[in-house]
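If you're wondering where the values come from, they're calculated on a predicted model, not measured in any experiment.
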Amino acid sequence: MAKQERAERTRRAILEAAAEVFDERGYEAATIAEILTRAGVTKGALYFHFSSKQMLAQGVLDEQFAEGGVPPRDSKLQELVDAGLVLAHRMKREPLLSAGARLSLGPEIREIFGGGSIPGWIDIATRLLVEAKAQGELLPHVDPAETAWVVSACWTGAQVYSQTLSDRADLEYRVAGVYQHIYPSIATPAVLARLDMAADRGARVAAEVEAAKAAKAEAEAEPVAP
């Protein structure tokens, strides 16, 4: 078990170092040598986990969906807002998410990674919107798949603009604005009135997620009575 834990820590250190380099320099300019230096591991350790720079970048992209998302909500429109605002909150703080965004953009990246994490986020939005429609949260004309594409594209556009203009300092505010502008055209009035789309919603939900993780870890650490 200790050996497995060390291997997982090494893998995580490599991914985090790679994310920093990819985020700063882009995929093409990033080098294995710099990633090794940042991670403080040997070349053998890196290649044990990742066989190439492409596989390492794919590992960074896969981490976009590794945290388990946000807590389920009765309102699937609220759950979609929560997912987008938590991502905005975390992206400013976690290089793995920031690097995933950079690796997902650009025509040359599409040829290597097939859209990066973008198809995954569209799929998540589509699933939640299909569920929202099934339980009567959406106006009759709304097509879940089309709306998922639009919401995802607007989120990405807000992220790119925020990074360019303010180094993401206003990202949560701008992403909240995306939902505040789109939702009145897709949500029923009764549902819309109950939704929380404030810019600080992501921080509050992220804190909820961390508290749940801590409580779970504490429960698992308690000794079992004989």
Side-chain angles (χ1 to χ4, degrees), residues 6-69 83-126 148-175 177-178 202 206:
R6 286 197 300 272
E8 182 55 38
R9 286 197 298 270
T10 299
R11 183 181 183 275
R12 185 72 181 186
I14 293 168
L15 278 175
E16 290 178 350
E20 291 177 0
V21 177
F22 288 139
D23 199 29
E24 292 169 10
R25 306 195 183 282
Y27 177 75
E28 295 296 340
T31 67
I32 291 294
E34 184 170 4
I35 293 169
L36 289 172
T37 300
R38 296 273 186 109
V41 301
T42 65
K43 186 179 291 186
L46 186 148
Y47 283 116
F48 174 80
H49 292 283
F50 303 98
S51 60
S52 65
K53 185 171 80 168
Q54 182 174 341
M55 292 305 297
L56 184 51
Q58 187 63 55
V60 171
L61 287 167
D62 291 343
E63 286 294 310
Q64 309 299 292
F65 309 102
E67 293 297 322
L85 285 172
V86 167
L87 180 59
H89 176 76
R90 292 177 58 210
M91 184 170 283
K92 296 194 299 181
R93 296 160 175 82
E94 300 177 29
L96 274 166
L97 293 176
S98 182
R102 180 160 185 171
L103 289 169
S104 298
L105 301 174
E108 72 284 357
I109 296 301
R110 184 180 66 244
E111 295 174 4
I112 302 172
F113 300 111
S117 59
I118 292 174
W121 291 120
I122 293 175
D123 287 346
I124 289 171
T126 300
W149 198 99
V150 170
V151 170
S152 180
C154 290
W155 194 105
T156 300
Q159 187 274 135
V160 172
Y161 274 33
S162 177
Q163 181 182 20
T164 301
L165 298 175
S166 72
D167 195 28
R168 297 197 182 105
D170 63 351
L171 180 56
E172 291 166 88
Y173 170 79
R174 297 302 179 185
V175 169
V178 166

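Shortest non-hydrogen contact noted between Ala99 and Ala19 is CB-O, 3.3 Å. Listed here is the closest heavy atom pair of His89 and Arg93: O-NH1, 2.6 Å. Scanning all heavy atoms of the two residues, the minimum distance from Ala13 to Ala39 falls at O-CB, 3.9 Å. Smallest separation of non-hydrogen atoms from Phe50 and Gly59: CE2-CA, 4.3 Å. Ala57 and Tyr27 make their closest contact through CB-CE1, 3.7 Å (heavy atoms, listed as atom of the first residue, atom of the second, distance).
With sequence neighbours left out, the side chain to side chain contact (heavy atoms under 4.5 Å, CB included) criterion links Ser52 to Gln54, Met55. Remark: Thr10 pairs with Ile14, Val41, Ala45, His49 by the side chain to side chain contact (heavy atoms under 4.5 Å, CB included) rule, at least two apart or across chains. Here Ile32 pairs with Leu36, Leu46, Tyr47, Lys53, Leu56 under the side chain to side chain contact (heavy atoms under 4.5 Å, CB included) rule; sequence neighbours left out. When the side chain to side chain donor-acceptor pair (under 3.5 Å) test is applied to Ser152, no partner is found at least two apart in sequence or on another chain. Considering only residues two or more places apart in sequence or on other chains, Asp170 meets the side chain to side chain donor-acceptor pair (under 3.5 Å) condition with Ser162, Ser166, Arg174.
Side-chain contact between Leu87 and Trp121 is present, with at least one heavy-atom pair separated by less than 4.5 Å. Taking the side chain as every heavy atom from C-beta outward, Arg12 and Glu63 approach each other to under 4.5 Å. You'll find the side chain of Phe48 stays beyond 4.5 Å of the side chain of Arg11, heavy atoms only.
To the nearest 0.5 Å, atoms CG (Asp167) and NZ (Lys92) are separated by 10.0 Å. Distance CG/Leu165 to CG/Leu171: 12.0 Å, rounded to 0.5 Å. For the atom pair CG of Leu15 and CD1 of Ile35, the computed distance is 10.0 Å after rounding to the nearest 0.5 Å.
A distance-only check finds a donor-acceptor pair linking the side chain of Arg102 to the backbone of Asp23 [under 3.5 Å].
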side-chain contact (heavy atoms from CB on, under 4.5 Å) assessment of Arg168 paired with Gln159: CA-CA 7 Å; Arg168 297 197 182 105; Gln159 187 274 135; 2.7 Å; yes

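Sequence neighbours left out, the pairs with a member in residues 35-45 that pass salt bridge (Lys or Arg N to Asp or Glu O under 4.0 Å) are Glu20-Arg38, Glu24-Arg38, Glu34-Arg38.
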